[in-house]
Amino acid sequence: MSVQGAPWLERSERIEEEDPDHALKVLKIPKGAVVADIGAGSGYMSVRMAKIVGPQGKVYANDIQQGMLDLVTKNAAKAKLTNVETVLGAVDDPRLPANSLDLAFMADVYHEFSQPQIMLQKIREALKPTGRLVLLEYRAEDPNVPILPEHKMTVAQVKLEVEHEGFKLATVNEDLPRQHEFIFTK
């Protein structure tokens, strides 16, 4: 999504359509945690996670578009948050510090990767040994989810692709209105 599409990321309907606060609550992210919002866009989820981890924690808001990172900076400042650091990534590297993350989070991002295997390898390197990878993806199994098919994924598809890169699927949360929430460990 381009920067021009950023208002869609901040739409008020997102609360009802995706229940982002519940998606994060399920993860039980502790205060002081270091997390990455990969494909952060405007920082919609980054801001929420920064409030959860508190001032002792840190959120790396990662995107491949500087314009999106500028919006993250603006939105974090508006929320009076000082624990959000933007990181300009590349299509084949999120450019996150090695062995630094308790959680790598992607909301409707993984399916957009042009080089998913390389990105997963780089994300795996950035995770601590006990770190988790979380993907939110619209349910392809549900024809009633009003999203284009190319922006949806099945449980089987995600499990196959992500586990192939050294992750283990721990849980799939199906409590969200339109998305699967995949929780992987290293």
Side-chain angles (χ1 to χ4, degrees), residues 1 3 5-12 14-15 18-113 119-137 162 167 170-171 173 176 179 181-186:
M1 173 177 294
V3 175
W8 188 79
L9 298 173
E10 301 288 336
R11 70 194 186 286
S12 60
R14 194 163 177 186
I15 300 289
E18 299 178 9
D19 201 356
D21 295 321
H22 179 68
L24 294 175
K25 184 178 180 182
V26 165
L27 300 175
K28 298 179 178 155
I29 303 168
K31 293 279 185 205
V34 177
V35 302
D37 184 8
I38 300 168
S42 62
Y44 184 82
M45 297 300 276
S46 302
V47 166
R48 282 174 160 70
M49 288 190 286
K51 291 175 182 175
I52 292 168
V53 301
Q56 307 86 0
K58 184 176 201 164
V59 174
Y60 289 104
N62 166 276
D63 207 281
I64 61 170
Q65 298 178 76
Q66 185 59 52
M68 286 294 199
L69 296 177
D70 295 342
L71 289 173
V72 171
T73 300
K74 178 182 163 192
N75 289 333
K78 184 178 175 183
K80 296 181 170 52
L81 296 167
T82 59
N83 60 344
V84 177
E85 180 179 326
T86 60
V87 178
L88 183 62
V91 296
D92 62 350
D93 189 349
R95 297 183 177 143
L96 296 164
N99 198 34
S100 65
L101 303 176
D102 296 299
L103 177 72
F105 182 88
M106 290 183 264
D108 307 314
V109 170
Y110 176 76
H111 71 272
E112 298 285 351
F113 286 165
M119 285 294 282
L120 287 171
Q121 290 166 14
K122 297 287 187 179
I123 291 166
R124 193 169 189 282
E125 291 170 9
L127 286 168
K128 294 176 182 176
T130 58
R132 297 178 291 164
L133 169 64
V134 175
L135 279 64
L136 295 180
E137 288 290 342
V162 178
F167 291 93
T171 308
N173 173 29
L176 302 176
Q179 298 156 303
E181 182 171 24
F182 300 94
I183 304 169
F184 290 91
T185 57
K186 283 178 86 169

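One-based numbering along the sequence shown. Because the structure is a prediction, the values reported are computed rather than measured.
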Item checked: Glu18 and Gln179, any side-chain heavy atoms less than 4.5 Å apart -> yes

Next item on the list: Measure from the side-chain N and O atoms of Asn62 to the backbone N and O of Pro94, and report whether any donor-acceptor pair falls under 3.5 Å.
Entry: yes

Notebook entry, point to check: Is there a donor-acceptor pair under 3.5 Å between the side chain of Asp102 and the backbone N or O of Val34?
Noted result: yes

Notebook entry, point to check: For Lys186, does the NZ atom have more than 12 heavy-atom neighbours from other residues, nucleotides or ligands under 6.0 Å away?
Noted result: yes

Next item on the list: Assess whether side chain to side chain contact (heavy atoms under 4.5 Å, CB included) is satisfied between Glu181 and Leu27, documenting all intermediate values.
Entry: CA-CA 10 Å; Glu181 182 171 24; Leu27 300 175; 3.7 Å; yes

Note to self: Atom NZ of residue position Lys25 - does it have more than 12 heavy atoms of other residues, nucleotides or ligands inside 6.0 Å?
What the structure shows: no

Notebook entry, point to check: Within the distance-only criterion (no hydrogens, no angle test), does the side chain of Glu125 pair as donor or acceptor with the backbone N or O of Asn99 below 3.5 angstrom?
Noted result: no

Next item on the list: Kindly give the heavy-atom pair with the smallest separation between Gly41 and Val72, and that separation in Å.
Entry: O-CG2, 3.2 Å

Margin query: side chain to side chain contact (heavy atoms under 4.5 Å, CB included), that's the test. Do Leu120 and Phe167 meet it? Break it down for me.
Written below: CA-CA 9 Å; Leu120 287 171; Phe167 291 93; 4.3 Å; yes

Margin query: Using side-chain heavy atoms (C-beta onward) and a distance below 4.5 Å, is Met106 in contact with Leu133?
Written below: yes

Checklist line | Short side-chain to backbone donor-acceptor contact, Asn75 and Leu71, under 3.5 Å | finding: yes

Next item on the list: Quick one: list whatever passes side-chain hydrogen bond (donor to acceptor under 3.5 Å, both in side chains) with Glu112, sequence neighbours left out.
Entry: His151

Next item on the list: Considering non-hydrogen atoms only, spot the tightest contact between Asn83 and Gly57 and give its length.
Entry: CB-O, 3.3 Å

Check: For Arg48, what residues pass the side-chain hydrogen bond (donor to acceptor under 3.5 Å, both in side chains) criterion, not counting sequence neighbours?
Finding: Asp21, Tyr44

Item checked: Thr73 side chain vs Leu69 backbone, donor-acceptor pair below 3.5 Å -> yes

Notebook entry, point to check: Roughly how far, to the nearest 0.5 Å, is the CD1 atom of Ile183 from the CG atom of Leu135?
Noted result: 10.5 Å

Checklist line | Ile29 and Phe105, any side-chain heavy atoms less than 4.5 Å apart | finding: no

Margin query: If you define the side chain from C-beta out and look only at heavy atoms, does anything of Val35 sit under 4.5 Å from Lys58?
Written below: no

Notebook entry, point to check: Any side-chain heavy-atom pair from Leu9 and Arg14 closer than 4.5 angstrom?
Noted result: yes

Item checked: Least distance between heavy atoms, Asp63 atom then Gly39 atom -> OD2-C, 3.5 Å

Next item on the list: Name all residues meeting the side chain to side chain contact (heavy atoms under 4.5 Å, CB included) criterion together with Lys51; count only those two or more places apart in sequence or in a different chain, and write none if there are none.
Entry: Val47, Ala79, Leu81

Check: Shortest non-hydrogen contact from Ser100 to Pro97?
Finding: OG-O, 2.7 Å

Note to self: So, using side-chain hydrogen bond (donor to acceptor under 3.5 Å, both in side chains) as the criterion, who are the partners of Lys122 when residues are at least two apart?
What the structure shows: none

Check: Is a side-chain donor or acceptor of Arg132 paired with a backbone partner of Leu127 at a separation under 3.5 angstrom?
Finding: no

Notebook entry, point to check: Listed by chain and number, what are the ring pair (Phe, Tyr, Trp, His ring centres under 6.0 Å) partners of Phe113, not counting sequence neighbours?
Noted result: Tyr110

Notebook entry, point to check: So, do Ile38 and Leu96 sit near enough that their side-chain heavy atoms are less than 4.5 Å apart?
Noted result: yes

Next item on the list: With sequence neighbours excluded, tell me which residues meet side-chain hydrogen bond (donor to acceptor under 3.5 Å, both in side chains) with Asp93.
Entry: none

